[in-house]
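First the proteins, then the strands, lettered A, B, ... as listed; each starts at 1.
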Number of protein chains: 2
Amino acid sequence: MAGQSKIPQATAKRLPLYYRFLNNLHIQGKTRVSSKELSDAVKVDSATIRRDFSYFGALGKKGYGYNVEYLLGFFRKTLDQDETTTVALIGVGNLGTAFLHYNFTKNNNTKIAMAFDADESKVGEEIGGVKVYHIDQLEEKLTDVQAAILTVPGSVAQPITERIVNSGITGILNFTPARITVPDHVRVHHIDLAVELQSLVYFMKHYPSENS
Amino acid sequence: MAGQSKIPQATAKRLPLYYRFLNNLHIQGKTRVSSKELSDAVKVDSATIRRDFSYFGALGKKGYGYNVEYLLGFFRKTLDQDETTTVALIGVGNLGTAFLHYNFTKNNNTKIAMAFDADESKVGEEIGGVKVYHIDQLEEKLTDVQAAILTVPGSVAQPITERIVNSGITGILNFTPARITVPDHVRVHHIDLAVELQSLVYFMKHYPSENS
């Protein structure tokens, strides 16, 4: 993004969270917020919030806090809220269906425009307002789609990945247990349910009182 | 854990990933692995892997790599693979059902022992080998359960959280859009599908070639 310096990745990961909470405050008519209030709401400690916000050029004033409108404007620009990213969901099993029912449009700049499945009985259905196409139609339909949510069985994750990457997808949210290999220009975020659960258990035992 | 120094949280988060991959290698009869091979498989850069492993007292040898058995032994002890954590799943909607069908027992030290839902038609069912109880039975059933996966609607996340915390749960994997408030001794990991998607889109635009 021209004219905008990069903020640390850890800070960037918290942006959508901040954005959503501030948008709610704005809707409620609030004009300012303290780092303490923010901290309680988003469960990030105030020191981290203050450091994050300093990257945005937002300096809280003692006894006043932060200007909600200023922050919102910044987040909207930074998260490109006015520019919608079109997303396809691949694999309409339980997890895929949960995604389709999830209300992504609220406070958001992404739109799940279509879904795909290999199961003929699901093709033509509309789930959460999203039409399901046959997986054979991937190449034909993915002409103006930038990102994909991958909720297929792990065994087909890699071949499907290759097909969607060849169709121009540059971002993948991988919910399969498989680690997928992609070209350098494609961004992958991997969420493995088993790893998340194991990680929680590890942290329960070793860091019981530091929430993340 | 007595006699074991704390490793950084970022390193700790990668442990389950390393463990799973090394276990697969071990099953295949491999006795050593290079940081390059590990890096390609788990998609973490080799410098990070070498630094992580140095915390485990595992120093790779040039031209040899790491001893798989040593590492596995370390991970097994660290992740307490021999001690099973009992988990309850609360909310058997699409997302909850996906979890119940997920094969968590493979390479894992957690066991989803029971599920709960408010929908009478689901009570008594068995999904993925897990029995579904009525949400009214929470207090009665959660006597020997340490962790919970929360896949209820966001609107009931907080009251349900209070009930399970009162029943002795000390770890929660929160998949609802709601931020929940818990006492200090309870560990919460929050995975918000909308935030994950928005974060992917942000990183696609700003850090296209650095996978995480």
Would you give the length of the straight line joining atom CD of Gln198(B) to atom OG1 of Thr85(A), rounded to the nearest 0.5 angstrom? 9.5 Å
For the CG atom of Asn94(B) and the OG1 atom of Thr97(A), what is their distance to the nearest 0.5 Å? 5.0 Å
Can you tell me how far apart CG (Leu197(A)) and CD1 (Ile112(B)) are? Round to the nearest 0.5 Å. 6.5 Å
Quick check for you: to the nearest 0.5 Å, what is the distance between Tyr202(B) atom OH and Tyr19(A) atom OH? 14.5 Å
Glu196(B) side, atom CD; Ile149(A) side, atom CD1 - distance, nearest 0.5 Å: 11.0 Å
Interatomic spacing from CG in Leu200(B) to OG1 in Thr110(A) - rounded to 0.5 Å: 9.5 Å
Do Leu17(B) and Arg179(A) come within less than 4.5 Å of each other through their side chains, counting heavy atoms only? yes
Side chain, backbone, both or neither: which part of Leu15(A) has a non-hydrogen atom closer than 4.5 Å to chain B? side chain
Are side-chain heavy atoms of Val188(B) and Phe203(A) found at a separation under 4.5 Å? no
Got more than 12 heavy atoms from elsewhere within 6.0 Å of CD, Glu162(A)? yes
Considering residues, nucleotides and ligands other than Glu139(A), do more than 12 of their heavy atoms fall under 6.0 Å from its CD? yes
Given a strict heavy-atom distance threshold of 4.5 Å, which part of Thr151(A) is in contact with chain B: side chain, backbone, both, or neither? neither
With a 4.5 angstrom heavy-atom cut-off, is it the side chain or the backbone of Ile191(A) that approaches chain B, or both, or neither? side chain
Looking at every heavy atom in both Ala147(A) and Met204(B), which two are closest together, and how far apart are they? CB-SD, 3.9 Å
Where do Leu95(B) and Ala98(A) come nearest, in terms of heavy atoms and distance? N-CB, 3.6 Å
